[in-house]
Amino acid sequence: MARRRQLYEGKAKILFEGPEPGTLVQYFKDDATAFNAQKKGTITGKGVLNNRISEFLMTKLAEINIPTHFIRRLNMREQLIKEVEIIPIEVVVRNIAAGSLAQRLGIPEGTRLPRSIVEYYYKNDQLNDPMVAEEHITAFGWASAQDVDDIVHYTLRINDFLTGLFLGVGITLVDFKLEFGRLYENDEMRVVLADEISPDNCRLWDAKTNEKMDKDRFRRDLGKIEEAYQEVARRLGILPEAGSRDMKGPETMQ
Ligand code: 5GP
């Protein structure tokens, strides 16, 4: 097999040139980082599970007409995606107070918010992803007012849909982070959902016990991280067939 050109390596994923123009291969690593990479570790099998979970959720979202970068899963750790120009904004939606919101505003973790709150963070590791307002986004040209309108529209629909989907399998969607990109097709540009949706960028709590089933187990050293990710996949009905035996998956080809 021909060697593929690596285009970008992030904390949890690698992007390779895709088989056709306008496509990329997104490889999911087991590496985990937190607090802007000050804490580093490995969660065995995470890449396999996040590949599957993100495939499942992006496919479901496409069914309700949310445009996404996802094309198809290629193997245990890789998916084919459309090449997009990433908008340098992390969009966070919160339904229940947790994490940085609980800390910043002194609201006890677990408090249901009066309504869902959308926040924006400027994607910049050197600056520690600072929170920004829509004013900053449009004034500095990171996205146009129309892009922001599209992003908010999609984000709120995604939140409604995923809240229901997770509740159906006994999981509370506390908060999550999305990224969007610009897709250029036939001289037209549209905003599409990019990156991934997985327990790495969602807070997922067991609906009955409030037990954490996401990356907070790694961030806060709560243990049983692999088991939590597997349980999310199991409840969604998508645990890889061979179960945890297959979790290590093939190594990245470079
Ligand atoms: P918080 O602002 O409370 O730390 O995070 C809010 C939500 O967004 C959480 O679900 C968290 O997982 C997600 N999130 C925020 N920033 C990042 C990030 O840089 N990387 C990842 N993977 N998730 C993030």
Side-chain angles (χ1 to χ4, degrees), residues 8-15 26-43 46-47 49-51 53-54 57-58 69 86-113 115-133 137 142 151-152 154-156 158-159 162-163 165-167 171-181 193-207 210-222 225 228-229 232:
Y8 170 82
E9 177 155 10
K11 294 170 202 143
K13 295 187 289 292
I14 305 174
L15 292 177
Q26 180 165 249
Y27 176 96
F28 288 74
K29 301 193 280 186
D30 283 348
D31 297 351
T33 63
F35 314 118
N36 200 10
Q38 285 174 47
K39 181 179 168 86
K40 289 187 182 152
T42 303
I43 304 174
K46 173 173 84 80
L49 289 163
N50 283 357
N51 187 23
I53 293 170
S54 200
L57 297 176
M58 292 253 180
H69 74 162
I86 288 288
I87 295 171
I89 299 296
E90 296 189 344
V91 183
V92 169
V93 191
R94 302 180 186 272
N95 299 308
I96 290 174
S100 70
L101 177 119
Q103 246 185 358
R104 201 172 49 243
L105 302 183
I107 300 173
E109 187 164 274
T111 308
R112 181 158 282 284
L113 300 172
R115 62 183 174 84
S116 302
I117 292 176
V118 178
E119 298 171 345
Y120 309 105
Y121 295 82
Y122 178 43
K123 258 170 80 78
N124 185 315
D125 284 344
Q126 269 145 27
L127 299 176
N128 232 335
D129 296 347
M131 192 195 228
V132 293
I137 298 174
W142 297 323
I151 287 172
V152 174
Y154 291 143
T155 297
L156 294 175
I158 293 167
N159 185 42
L162 292 185
T163 296
L165 185 148
F166 278 115
L167 205 55
I171 294 175
T172 306
L173 180 59
V174 172
D175 57 32
F176 58 103
K177 184 260 295 181
L178 299 174
E179 293 188 25
F180 291 87
L193 179 64
D195 194 49
E196 69 179 297
I197 309 180
S198 72
D200 265 13
N201 51 27
C202 299
R203 282 198 175 91
L204 304 169
W205 294 356
D206 180 275
N210 281 348
E211 196 180 349
K212 297 184 199 315
M213 305 173 72
D214 55 63
K215 200 169 139 189
D216 269 353
R217 301 201 72 85
F218 169 76
R219 295 187 187 104
R220 302 183 191 187
D221 293 321
L222 298 176
I225 313 168
Y229 279 57
V232 171

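One-based numbering, in listed order, for ligands and for the atoms of each. Since the structure is predicted, the reported quantities are computational estimates derived from the model, not experimental observations.
Ligand 1 lies nowhere less than 4.0 angstrom from a heavy atom belonging to Lys123. Within the structure, the closest approach of Arg219 to ligand 1 falls below 4.0 Å when heavy atoms are considered.
Looking at Tyr120, Tyr122, Phe180 one by one, the single match for ring-ring contact (aromatic ring centres under 6.0 Å, His included) with Trp142 turns out to be Tyr122.
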Walk me through it: do Asp195 and Lys177 pass the test side chain to side chain contact (heavy atoms under 4.5 Å, CB included)? CA-CA 10 Å; Asp195 194 49; Lys177 184 260 295 181; 3.5 Å; yes
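Close contacts between ligand 1 and Phe176 involve ligand atoms 8 (O), 10 (O) [criterion: under 4.0 Å to a heavy atom]. Annotation for ligand 1: atoms under 4.0 Å from non-hydrogen atoms of Gly99 are 3 (O). Of all the atoms in ligand 1, the ones that sit under 4.0 Å from a non-hydrogen atom of Asp129 are 19 (O). Listed by number with element, the atoms of ligand 1 under 4.0 Å from a non-hydrogen atom of Val92 are 6 (C), 8 (O). Residue Asp200 has at least one heavy-atom neighbour below 4.0 Å for each of these atoms of ligand 1: 12 (O), 21 (C), 22 (N), 23 (N).
Residues Leu101 and Leu113 meet the side-chain proximity criterion, which asks for heavy atoms closer than 4.5 Å. Asn50 has its side chain within reach of Tyr229: a pair of non-hydrogen atoms, C-beta onward, lies under 4.5 Å apart.
Of all the heavy atoms in Ser54 and Phe28, the pair that sits closest is CB-CZ, 4.4 Å.
A 6.0 Å sphere centred on NZ of Lys39 holds more than 12 heavy atoms belonging to other residues, nucleotides or ligands.
Residue Cys202 touches ligand 1 through its backbone alone, judged by heavy-atom distances below 4.0 Å.
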